[in-house]
Amino acid sequence: MGTTRMFGPRRVEKSLIQRFVGLNWGIVLATILIAVAGFAMLYSVADGTWDPWASRQMVRFGVALLLMLGLAVVDIRYWVALAYPAWFAGLVLLIAVEFVGDTGMGGQRWLDLGFMRIQPSELMKIAAVMAVARYYHGRTQMQSKSLRSLVIPMLLLLIPFVLVVRQPDLGTALMIFVGGLAVVFLAGAPAWLFVVSGIGVTAAIPVVWQFLRPYQKDRILTFLNPESDPLGAGYQITQSKIALGSGGMTGKGFLEGTQSHLNFLPEMKTDFIFTVLVEEFGLVGATIVLALYGIVLTYGLLIGIGCRNQFGRLLASGLAVSLFLYVLINVGMVMGLLPVVGVPLPLISYGGSAMLTWMLAYGLILSVSTHRHVTIAPRGSGII
Amino acid sequence: MPREGLRYQTYSRRALLLAGLQGLALAALGARLYYLSIVNGEKYRLRADKNRISIRLIAPERGEIFDRHGEKLATNTQDLRALLVPEQTDQLEPTLQKVQQIIDLNDRGLARIRRRIKRQRQFVPVTLAQGLDWETFSRLNVEIPRLPGVQTDAGLSRLYPGGDAIAHLVGYMASPDEEDVFKSPLYQLPGFKIGRQGLERRYESLLRGASGTRRVEVNAVGREIRELPPREEAVRGNDLRLTLDMGLQQHVMQALGEEAAGVVVMDIPTGDILAMASSPGYDPNEFTRGISNANWQALLKDPRTPLLNKSVSGQYPPGSTIKMIVALAALEQGILSPETEFYCNGKHRLGNHTFHCWQNRGHGKMDLMQAIAKSCDVYFYEIAERLDIDLIADMAARFGLGSLFDVGIDGEKEGLVPTRQWKRIFQQQSWQLGETLNVAIGQGAMLATPLQLAVMTARLASGQAVIPRIVADDGEGGLFQPLDVNPFHLETVRRTMEMVMEEGGTAHDYARRKSATRLAGKTGTAQVRRISLEERQAEGGVIDNEELPWASRDHALFVGYAPAEAPQIAVSVIVQHGGGGSSVAAPLARQFLDKALETARRPIEEQV
């Protein structure tokens, strides 16, 4: 069996330089390409100037890239040790932000430290996955299958979920939860549990409907029939579909997007930036960008298969699912497949927090890849 | 390590499953993209164009109105305006403040602007100021980048150089009514005006022209980015040429001053109306800008009714000017001959009612011609007893009384020529003989407009069924049918009209000849009140016009033509509550006839 070979004698640990050089530069390149697509779109949206958006985004990306590479070469065992503390820290920040935080448009809350802003809910996306991965790393196969093992993971996920939902940021809360759920699934929780819950959730939709706020109800209704209110609530989706569709096969050309440049498309540099991309570069351009995302995310999802430690496997895959949700929700929303929930497209939408989350998460994924031959004891490695 | 192996297997399987799901999701996104871009691509491209391309109308230039010599009665002048589109301005008050620094908007103007903004839809431009001078306009243009929502517009606006002299003819223009705004897309252009009165209204479709269109690329707030070809230019409206002589018209209006009067001057051979004046007038230019409520109320309430076009809408008892018609009817019936004599002692008795002649002591014995020259009422009472009202009505109709000529002016009234049938239908009574006596001297139920009297005079003078026209392209311009009247009788009547102007005639003292031209005409004085027996028997007799309040005074009328031997021009003058026809109306008519003959009457200018 292949596993014997995989889990045979330990290999020699690599030095920092070796780890750096051994990074998957192809994936790093793919990530940079996605970011470049983002710069191009921000340049276009600013009517052909680097300022004020494209240039700032490039600076942010430069910093984030360094962070990603930095995280990639840090020993994974540190992450194992930091998993629970990170979760707690995130929890504290989430509670703090209830009281002293500033509120944003989509319901996000953050803390303003002067030189930068911290969005606890974004950090929690990573921390929650890390914590759940850490938990299952310490469990055996049998234990993972039991229902009792679900208690702590659910706590690890539901507490932040509730706090974030109250912000009120339903989108981010769901992403935290689903990311963690993926880890639970991959760790071996019984499959029937998922099926049953799925049915249960579907059945609970009418009940949940009552609890939704008016604007959330409106969003769903508008989503189901945007043409019913094309100048009001349905405006964004209708305009987005028009702009998307009018791009055709190869788009109208770089800088030539009529709907975006004439202000018909709202939120062009944030939520609807993918629409601008499709309008200008057509189906071809969009497919290329989606393919790049697909490559990067699939790598993240499947790198665990070559990984010797459970923590790494679960961490990489869980984070990959989280990141995938970003792309799925944003692109789905922009095409009218999902209600408008104000989720940006990481690396392309203007804004730092989604980019930071992505790059930090991907740094961790790369770290998993770098350290795929490392085995870690169930109770941590004693590195701290 | 077995535990690694087992959970590794679980993990691997499930990870691949998730990867498969992820792949499916991405494929679904791709499929949706394909659906939108390719399957529905055309539809969305059309909608994208619909978003950004707006079709804007180009307002056509309105045709002008000219008099017979090419002088302009109505023309278009450049109107430099400042507009505001409310939805494009983020802060209304600061923007208005800034505009105030350049253009002086008084408080009332500001209030009106704010009202309009509330009332209209937010993308409809509101006029801030019109008629700006070039300097202010330029300064505004320089400041435009700092005034969001403000636009400048160099449009055309109507100007009436003739002012109040021709207001009643030309009419005025104003914005269409709210309800009608949807009848034509042009009506929704800011400041678009349509003719509301007079020729402007009657010939609206001729004058307006056809709008053009241009395609404009707009952004989401409707602001124009650039124009996209092709453009369809607007078609200028047609011009309107009138038979009017502006110089004569202004002369007439000036002479009338503030009197309430209607005057029509016609060219007999062609039927051209050379002057059609109604006094007092008003300035149609005031309406173009938007007349103030105070001025509008003043116009409405003025007892001299400036808004009424008296020359076609004022209906007056013709008074003695009708006597030629009555005489002709009598001659035609053979009731009398020109030599037939009657005796006038100032009174005429019918049943138990006494009719009076204007000359208390009477005129003594006289024949027909003297009766007309001296305007003796009793002579005509005698005729009336022998002549049926319907016969008078028939003759009157031949000379155009009671007819509508439809010259193109709004509000033309048909006057009234009473008949037995009329009395039965409208008053459910039968005609009394006494009423014929009243009609015979031009009182009673009979009513005529200055235009009708002018036509009557032209027909008397020429023996042709002259048809009046004011628009140069109307009618046959001179090809008239001969009247169905004995030309010998007409000759007689014409002679009497000459006698009116000579010694012994009622107009002699007041309309002495200043030039060599000989006139012929007839005075008339129409009563508007009943004179009671007591008044007649009182010490001073019938009260003089000068001592009565204005509204109780008689109307002063005069109809005439010149030169007497070869008639060219006919005129009718009615001065409302003017007093005596000979003292008030005759001198004016003399003046107008002289002036009309003097103005070298060139034929209508050829179109350039």
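Proteins come first, then strands; the chains are lettered A, B, ... in the order of their sequence lines, and each starts at number 1. Note that the structure is predicted; figures quoted are calculated from it, not measured.
Interface remark: A:Phe185 contributes backbone and side-chain atoms alike to the contact with chain B (heavy atom separation under 4.5 Å). At a 4.5 Å heavy-atom cutoff, the contact between A:Tyr136 and chain B is made by backbone atoms alone. Contacts between B:Leu17 and chain A at a heavy-atom distance below 4.5 Å involve the side chain alone, from C-beta outward. Interface remark: A:Ala243 contributes no atoms to any contact with chain B (heavy atom separation under 4.5 Å). There is no contact between A:Tyr299 and chain B, counting heavy-atom distances below 4.5 Å.
Ion pairing between B:Glu204 and B:Arg196 fails under the 4.0 Å rule for side-chain N and carboxylate O.
Note on B:Thr10, B:Leu29, B:Leu26: by heavy-atom pairs under 4.5 Å with chain A, the leading option is B:Leu29. Options A:Ala187, A:Ser246, A:Gly332, A:Ala191 differ in how many heavy-atom pairs under 4.5 Å they form with chain B, and the most are formed by A:Ser246. Ranking A:Leu244, A:Leu302, A:Leu290, A:Thr298 against chain B, the residue ahead of the rest is A:Leu302, based on heavy-atom pairs under 4.5 Å. Taking chain A as the reference chain and counting heavy-atom pairs below 4.5 Å, the highest number among B:Ser12, B:Ala19, B:Gly30, B:Gly23 is found for B:Ala19. Ranked by heavy-atom pairs under 4.5 Å with chain B, the list A:Gly294, A:Gly251, A:Gly248 is led by A:Gly248.
Using a 3.5 Å distance cut-off with no hydrogens or angles, the side chains of B:Thr136 and B:Arg139 do not pair a donor with an acceptor.
The aromatic rings of A:Tyr362 and A:Trp358 sit parallel, their planes meeting at an angle under 30°, below the 60° perpendicular limit.
Closest approach of A:Ile365 to A:Ala320, counting heavy atoms only: CD1-N, 4.1 Å.
Two residues are said to be in side-chain contact when any heavy atoms from C-beta on lie closer than 4.5 Å; A:Ser149 and A:Tyr135 meet this criterion. Side-chain contact check for A:Val334 versus A:Ile273: every heavy-atom pair is 4.5 Å or farther apart.
B:Tyr35 OH: 12 or fewer foreign heavy atoms inside a 6.0 Å radius.
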